[in-house]
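A quick write-up on the structure given underneath.
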Amino acid sequence: MRISIWLIIMKPRELKPNIYSIGAVDWDRRLFDELIPLPDGTSYNAYLVKGSEKTALIDTVDPTMGDVLIKNLNQIDIKDIEYIIANHAEQDHSGSLSQIIDAYPNAKVVATPKCKAILMDLLLIHDNKFLTVDDGATLSLGDKTLEFIYAPWVHWPETMLTYLREDKILFSCDLFGSHMATSDLYVTDETTVYESAKRYYAEIMMPFRATLQKNLEKIKDLEIDTIAPSHGPLHKNPEFIINAYRHWVFDPPENIVVLPYVSMHGSTKAMVDYFVKALTEKGITVKQFNLSNSDIGKLSMALVDASTVVMGVPTTLAGAHPLAFYAAYLVKILRPKLKFISIIGSYSWGGKTVEQLVGLISSLNVEILDTVYCKGFPRIEDFESLYQLAENISKKHQEIGL
Ligand code: FEO
């Protein structure tokens, strides 16, 4: 008998009777949005809930994996789907919607009005395919009830969560997810998943901390046995990931300086080395990143807990080195809970590096500390200024209780 490789590696998995995980694992993907590194691949989780009367598919998969989803549905012999719940319009979850609608033409796409509008724009799905739901609305599948919980800005404006009442499963969309390809259905190693989930939070969720606070408050009294996110393994211990999020979102920043730098000929590097030593002697944890070879995901993760960012930046072509400009822009758009920023570095004959970078980050609600910017290789007075800056940062951290 010929054994199908497909059956071995892609079998749908039953969470509970009549509830299946039927998405796709993408072991080889290394970049998301043509920007975000995926060192551990990812998964596009989709779930099927069979009620006594009706069947609902919760999210679809990336368009590159539509055939996987169709085959998984065939494997569990699904003849009809009445509802396709679209928790989120981004294409890694909605990109196979048209393929699924073609295969199950009676299905209605259940979404928030905002999600419907975005899906109509992105995928050109006709208006008559949709059923929009209000915040708190429910949908009966017979012996199972889906409840819809609006959760805007995790991490698009239209996002919602779906709660399966009878089984206490929260289908949490991108919230609580991790870009992680794994053969395990559930979290088995919390340390590994913590890192992956923190990377995911840092790169995608962190800019929306204010609305995340509201969303976490909104679900805090929900009885949850299992969290089934849209990426990565499922959580049988919901407290683990909820507490991690509460820490990242609510807790004050820590006694940490993040120091992204680039150095072309060694002057800025000499300043960075001295400055790191001065900060370390004052008991401050420093996380430095050479921008010429750093993983921006790791830099983003470091920003989650940092109180201060100091950029080490040489001047090139009369302005900030482009790698430093990129890092400063990243800090600006990720909006971490930073309190202080400074700039150190070196120039050869002139330029507007400091003004450029300060202008770029001016929208952040942070205090810009004195900068140390020297001509050529740093002299004794420049090292003294760096020492003063380290002292000032230590004092500022103490003033905010660190
Ligand atoms: Fe996983 Fe925002 O899509």
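The first residue in the sequence is number 1, and the count goes up from there. We count ligands from 1, going down the list as the structure has it; atoms in each ligand are counted the same way.
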Take the angle between the ring planes of Y47 and F171 and call it parallel below 30°, perpendicular above 60°, tilted in between.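 Tilted: the ring planes of Y47 and F171 meet at 30° to 60°.
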Run the ring-centre check on H235 versus F176 and record whether the distance is less than 6.0 Å.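 No; F176 has its ring centre 6.0 Å or more from that of H235.
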Side-chain donor-acceptor contact under 3.5 Å, [X] with [Y]:
X	Y	result
H231	D174	yes
Q388	D370	no
Y186	T226	no

Basic-acidic side-chain contact under 4.0 Å: D77, K50: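 Salt bridge flag = no for K50 with D77.
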Using a cut-off of 2.8 Å, find all protein N, O or S atoms closer to atom 2 (Fe) of ligand 1 than that distance.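 Hits for atom 2 (Fe) of ligand 1 below 2.8 Å: H88 NE2, E90 OE1, H155 NE2, D174 OD2.
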